[in-house]
There are 2 protein chains.
Amino acid sequence: MAALSGAVYARLRDEIVAGAVAPGAKLMPQRLALRYAASAAAIREALIRLAAEGFIENLPQRGFRAARTGPDVIWEIAHFRILIETEGARLSIARGGMEWEANLTAAHHRLAHLESRMRGESLDAGQLRLWSASDRAFHEALIGTCGSARLLAQHRLAFDQFKQHVIALDPTLGFRGAELLQEHAGILKAALARDAEGCADALRRHFDTYRRVTPGRAG
Amino acid sequence: MAALSGAVYARLRDEIVAGAVAPGAKLMPQRLALRYAASAAAIREALIRLAAEGFIENLPQRGFRAARTGPDVIWEIAHFRILIETEGARLSIARGGMEWEANLTAAHHRLAHLESRMRGESLDAGQLRLWSASDRAFHEALIGTCGSARLLAQHRLAFDQFKQHVIALDPTLGFRGAELLQEHAGILKAALARDAEGCADALRRHFDTYRRVTPGRAG
DNA sequence: ATAGGCCGGAATTTCGAAATTCGAAAGAAT
DNA sequence: ATTCTTTCGAATTTCGAAATTCCGGCCTAT
């Protein structure tokens with residue numbers, strides 16, 4: 001996208017994923033035009049792109065609003081992300097070399113360092129943002145050499161939308177220090193051991209604890 | 001999307017998926033504005049949406065062009081579609097009831113009828129279009145009760161983009177009558193037998209023959 | 001002859017306003 | 001009192017033109 005429209009897209013995306021926009025809230029081009037110093041048309045282009053990617057909804061002739069959330073929406077996104085991520089991990093395990101191992105280990109080291117220092121207290125927004133970025137870096141490193149740009153792009157969307165919906169229900173993102181440490185360690189261990197099935201299992205358990213936060217559903 | 005912009009989106013999408021736009025061809029809003037009786041801005045909105053969905057590319061400050069194709073692109077999309085479709089089938093097999101079986105059987109009946117009548121000769125565009133629609137209906141029926149709107153939406157994108165890229169290399173879509181009949185029958189049989197693994201295998205074989213058309217690649 | 005800079009035309013992107021459409025409140029009829 | 005119609009303000013959508021950026025040919029200097 002171009003300079004202006006693309007910049008608005010990026011800023012809006014960040015705000016939505018960070019939980020700064022309430023689910024279902026209207027996003028009106030003319031209002032946003034003031035906040036972003038752009039014309040309504042440019043804002044509109046950003047909104048169309050966000051809608052196509054699933055961050056917001058677009059009802060014809062009645063504007064845009066932030067995606068509505070709910071347990072089943074979260075469940076659906078989690079399911080999709082598991083599907084993408086386990087496949088990406090499987091491919092990376094099959095294709096990855098030493099470089100992949102090194103990147104993954106480094107990402108895990110940074111993440112584990114943070115998680116061990118965040119023992120429940122001091123869950124300020126800054127730390128959570130840092131942790132979320134490290135979490136994402138680790139999961140992206142896991143699937144980093146899957147060889148499919150499409151898979152990586154879909155994973156990025158699923159990751160951010162998962163965060164978007166979880167943060168709406170729980171601003172702490174269901175952060176649970178000790179458990180997270182063990183879960184991520186388990187994922188890393190299975191990946192380095194080239195155990196695709198074990199890695200998939202570890203990922204599913206990782207998500208199950210997230211799902212426990214929200215009321216479940218059959219499926 | 002709105003009336004005009006949405007209509008342009010739909011028409012452009014159809015033309016691209018039908019192979020009417022050469023890969024890499026430029027899509028210029030002002031030119032298209034004449035063909036579609038709309039302003040450049042409205043065209044632009046349609047193009048932005050198509051780009052976000054992956055049908056076309058959008059290089060900042062240098063416009064839109066139809067997605068470039070190649071064996072590895074096709075391979076990647078095929079891989080992704082297999083992933084989505086096998087998972088959708090697995091879920092449908094687990095959750096689907098009589099209604100799902102009936103829809104799937106009906107879709108297969110229509111598809112098989114067409115395929116048995118299209119023995120190599122008379123591969124005119126009309127028949128191929130009809131067959132492609134039936135093929136899509138069958139595959140959508142297969143995953144129809146997976147319970148995830150996201151999975152269905154992703155499958156639709158993957159299906160159409162797969163067609164878009166294959167048709168660019170081979171206008172007959174690699175149509176192979178007798179084999180197709182058996183492959184689709186195998187998929188149906190496994191699905192009705194509630195054999196998720198067998199269904200996944202049948203789907204993979206189904207795609208392998210497609211892949212044979214194009215030069216392979218490691219992965 | 002070639003590399004590098006410059007200029008002209010065309011395409012992309014952005015804007016502000018006009019036209020269309022929606023949603024709700026006020027009013028009329030049953 | 002309820003339901004249907006009308007009307008009006010606000011929001012969405014579309015447009016045509018202005019501003020910015022890119023691409024190619026041309027010129028110049030080495």
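The chains referred to below are lettered A, B, ... by the order of the sequence lines, with proteins before strands, and numbering in each begins at 1.
Ring centroids of F55(B) and Y9(B) are separated by 6.0 Å or more, keeping the two rings apart.
Each of A40(B) and G63(A) lies near DNA chain D, and the nucleotide nearest G63(A) is the one positioned closer to the 5' end. Where A41(B) and Q30(B) meet DNA chain C, the nucleotide closest to each residue was compared, and Q30(B) sits on the side nearer the 5' end.
Side-chain proximity of L4(A) to dT14(C), dC22(C), dT13(C): nearest is dT14(C). Taking every side-chain heavy atom of S39(B) into account, dC15(D) is the closest of dT12(C), dC15(C), dC15(D). Proximity note for E45(B) (side chain, C-beta onward) versus dA11(D), dT14(D), dA11(C): the nearest is dT14(D). The N58(B) side chain lies nearest to dT13(C) when the options are dT12(D), dT14(C), dT13(C). Distance from the side chain of F64(B) is smallest to dT13(C) among dC15(C), dT13(C), dT12(C). Distance from the side chain of Q61(B) is smallest for dT21(D) among the nucleotides dT14(C), dT21(D), dA11(D). Picking from dC22(C), dC15(C), dT14(C) the nucleotide with the shortest atom distance to the side chain of A38(A) gives dC15(C).
Defined by atom type and a distance below 3.5 Å, a donor-acceptor pair is present between the side-chain atoms of Q161(B) and R150(A). At a cut-off of 3.5 Å, with distance as the only test, no side-chain donor of H139(A) or H155(A) sits close to an acceptor on the other residue.
Whole-Å rounding puts the L59(B) CG to dC23(D) C1' distance at 14 Å. With rounding to whole Å, L47(A) atom CG is found 16 Å from dT14(D) atom C1'. Rounded to whole Å, atom C1' of dT12(C) lies 11 Å from atom CD1 of I48(B). dC22(D) atom C1' lies 13 Å from atom CZ of R65(B), rounded to whole Å. When the C1' atom of dT21(D) is taken as reference, atom CE of M28(B) falls 16 Å away, rounded to whole Å. One interatomic measurement links the two molecules: OH of Y9(A) to P of dT14(C), which rounds to 15 Å at whole-angstrom precision. Distance I43(A) CD1 to dT14(C) C1': 12 Å, rounded to the nearest Å.
Distances shorter than 4.0 Å separate some side-chain N or O of R31(A) from OP1 or OP2 on dA11(D). For R62(B) and dT13(C), the shortest distance from a side-chain N or O to OP1 or OP2 is not below 4.0 Å.
Taking CG of L152(A) as the reference point, atom CG of L157(A) lies at 11.5 Å (rounded to 0.5 Å).
Taking a cutoff of 4.0 Å between a charged side-chain nitrogen and a carboxylate oxygen, E15(B) and R35(B) qualify as a salt bridge.
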